[in-house]
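Not measured: the values here are computed from a predicted model. All chains are named by letter (A, B, ...) in the order of the sequence lines, taking the proteins before the strands, and each is independently numbered beginning at 1. Reckoned from all heavy atoms, side chains included, excluding hydrogens, waters and symmetry mates.
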2 protein chains.
Amino acid sequence: MNTENTSVEQLISYFKNYFPLNSKERDELLVHFTERKIKRRGFILQQGDVCRHFTFVVSGCFKMYAVDKNGKEHNIQFAAENDWITDLASFYAEKPSQLYIEAIEPSVVLQIKHPDLLSLYINHHKFDRNFRIIIEQKFIALQNRVLQNISSTAEERYQSFLEQYPHISNRLPNTQIASYLGITPEFLSKIRKDLTQRT
Amino acid sequence: MNTENTSVEQLISYFKNYFPLNSKERDELLVHFTERKIKRRGFILQQGDVCRHFTFVVSGCFKMYAVDKNGKEHNIQFAAENDWITDLASFYAEKPSQLYIEAIEPSVVLQIKHPDLLSLYINHHKFDRNFRIIIEQKFIALQNRVLQNISSTAEERYQSFLEQYPHISNRLPNTQIASYLGITPEFLSKIRKDLTQRT
DNA sequence: CCTAAACCTTAAACTATATTAAGGGTATTT
DNA sequence: AAATACCCTTAATATAGTTTAAGGTTTAGG
């Protein structure tokens with residue numbers, strides 16, 4: 001049994017949630033997407049490098065983060081099974097990235113290179129369509145996160161993170177969640193204590 | 001001279017920054033986009049209504065905001081000339097919106113209805129393409145805002161807002177900027193004082 | 001051109017969150 | 001199985017941001 005095939009089947013299946021692919025389009029996936037296994041703590045992007053791949057997570061989990069001038073990491077995004085993770089700014093402009101993308105768990109991904117994705121867009125209308133819809137959904141989620149950031153306390157943000165991402169939150173150490181919420185691990189610890197004591 | 005024509009010309013010109021439209025596509029804009037003048041404090045969306053239009057700002061300025069349980073407004077987005085403003089979640093799902101979109105200045109917009117935009121997508125590949133790119137760019141900007149929210153102080157966020165949106169920031173009252181940054185007007189006032197005194 | 005409403009500032013008291021430091025617990029790696 | 005690195009918690013102290021209240025200034029709109 002060919003592992004790569006299984007991965008691509010998962011990607012094909014993922015696209016069924018949008019405008020499903022015909023056989024020609026499915027073939028294109030097989031041609032252009034490459035499977036890669038990433039170890040825990042392995043990087044698929046490091047600051048200073050150009051983000052050359054658009055990445056689909058088949059299994060495992062990643063974090064994307066920036067490092068500030070004091071060396072602190074700030075988690076911008078997590079991505080687990082059936083999600084995409086890429087530094088779009090670097091990928092499309094082909095400029096050095098400011099970000100890191102690192103595996104939190106041993107992972108399997110499917111990756112497509114910039115020129116290959118462009119050729120998919122050009123030759124198959126449906127990929128423009130599907131990626132438009134995918135990113136619209138991600139935009140909506142991100143906008144809700146911004147709203148939370150400007151209007152809610154850390155405790156409220158923590159609770160809605162748990163509700164919104166139950167499949168991820170129980171796989172992540174609290175340090176990583178704190179970094180995503182924009183608070184210190186110590187303060188998250190206090191929030192958790194307050195929450196349990198209130199029950 | 002026909003005002004509507006001038007507005008649509010501005011929209012056509014806007015699309016020149018992406019994949020420019022051919023004459024058939026330009027005609028579609030004329031058919032499907034409707035010009036509307038909005039007074040200061042006029043709404044193009046109110047909480048509870050379905051967001052029926054995708055809106056292009058020809059002139060003027062809008063804010064999109066949510067109202068929390070205490071009645072406080074939180075500005076999610078501003079949009080001035082040559083920008084789009086729409087509650088995507090409500091627009092695509094055709095569900096009641098949680099948000100308001102209100103004119104900060106007397107404004108002129110071009111609007112397209114949901115079924116008309118879908119027909120543009122279906123009949124003209126280029127609109128899928130262009131709107132994919134437009135929203136990718138908005139996604140990148142929003143992601144940077146999230147990063148700032150989780151990693152920077154209010155003062156830093158204020159400064160980078162001024163740098164990033166000079167054409168908007170000098171038209172907005174500080175109360176509105178404070179709401180966008182997620183701080184109180186009083187604290188913004190203090191930040192401004194500190195900044196000038198430090199110079 | 002007048003007036004009400006909106007806006008801006010200040011400051012004191014309060015609350016939310018960060019920092020520092022320390023100790024114990026839990027995984028990963030060797 | 002031991003060693004090391006990572007993770008979680010607690011608490012005291014410090015800082016960032018809010019609330020309340022008040023007075024002065026600007027601006028939109030009749």
Side-chain angles (χ1 to χ4, degrees), chain A residues 38-42 60-61 63 65 68-75 102-107 148-162 168-198, chain B residues 37-42 60-61 63 65 68-75 78 102-107 148-162 168-198:
Chain A
I38 315 286
K39 277 189 261 195
R40 199 176 119 89
R41 311 244 158 121
C61 188
K63 59 177 175 178
Y65 59 93
D68 69 21
K69 52 187 189 298
N70 304 316
K72 263 188 204 145
E73 298 180 7
H74 301 277
N75 287 341
E102 181 184 339
I104 297 177
E105 304 172 357
S107 303
Q148 284 243 332
N149 279 336
I150 66 176
S151 68
S152 304
T153 64
E155 182 174 314
E156 290 165 335
R157 280 180 280 145
Y158 175 60
Q159 294 217 68
S160 67
F161 176 78
L162 294 184
I168 306 188
S169 61
N170 53 31
R171 289 151 70 176
L172 294 172
N174 288 324
T175 38
Q176 295 304 318
I177 295 176
S179 169
Y180 178 91
L181 296 174
I183 60 178
T184 59
E186 293 84 357
F187 190 54
L188 178 54
S189 186
K190 190 190 176 219
I191 287 171
R192 288 160 51 79
K193 189 184 171 195
D194 293 352
L195 283 174
T196 54
Q197 285 184 348
R198 220 178 296 150
Chain B
K37 292 183 181 22
I38 315 285
K39 275 189 263 195
R40 200 177 119 87
R41 312 247 156 119
C61 188
K63 60 178 174 178
Y65 60 92
D68 69 20
K69 53 186 189 297
N70 305 315
K72 261 188 206 147
E73 297 179 8
H74 300 277
N75 287 341
F78 299 114
E102 182 184 338
I104 297 177
E105 304 172 356
S107 302
Q148 284 244 333
N149 281 335
I150 66 176
S151 68
S152 304
T153 64
E155 183 173 313
E156 290 164 337
R157 280 179 280 144
Y158 175 60
Q159 294 216 69
S160 67
F161 177 78
L162 294 184
I168 307 189
S169 61
N170 53 30
R171 288 152 70 178
L172 293 172
N174 288 324
T175 38
Q176 297 304 319
I177 295 176
S179 168
Y180 179 91
L181 296 174
I183 60 177
T184 58
E186 292 83 356
F187 190 54
L188 179 53
S189 186
K190 187 186 178 221
I191 287 170
R192 288 160 51 79
K193 188 185 172 192
D194 292 352
L195 282 174
T196 55
Q197 284 185 350
R198 220 179 295 151

Taking the six-membered ring for Trp, are A/Phe161 and A/Tyr180 parallel (under 30°), tilted (30 to 60°) or perpendicular (over 60°)?
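Tilted.
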Stepwise, does the side chain to side chain contact (heavy atoms under 4.5 Å, CB included) test hold for A/Leu195 with A/Gln159?
CA-CA 9 Å; A/Leu195 283 174; A/Gln159 294 217 68; 3.7 Å; yes
Are any of the side-chain heavy atoms of A/Tyr158 and A/Thr153 separated by less than 4.5 Å?
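Not in contact.
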Where protein sits on nucleotides 9-24 of chain C, one letter per nucleotide: B base, S sugar-phosphate only, - none, heavy atoms under 4.0 Å
BBS-----BSBB----
If you measure from the Lys or Arg side-chain nitrogens to the Asp or Glu carboxylate oxygens, is any gap between B/Glu105 and B/Lys37 under 4.0 Å?
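No, no charged N to carboxylate O under 4.0 Å.
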B/Glu186 bridged to B/Arg192 by N-O distance under 4.0 Å
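Between B/Arg192 and B/Glu186 there is no salt bridge, as every charged N stays at least 4.0 Å from the carboxylate O atoms.
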Face-on cation placement of A/Lys63 at A/Tyr65 ring, 6.0 Å and 45° thresholds
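Yes, A/Lys63 lies over the aromatic ring of A/Tyr65.
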Check for a donor-acceptor pair, side chain of B/Asn70 on one end and backbone N or O of B/Lys72 on the other, with a separation under 3.5 Å.
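No: the side chain of B/Asn70 does not pair with the backbone of B/Lys72.
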Boundaries of the chain A footprint along DNA chain D (any atom under 4.0 Å from a heavy atom)
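First-to-last contact on DNA chain D, by the 4.0 Å heavy-atom rule, is D/dC6 to D/dA11.
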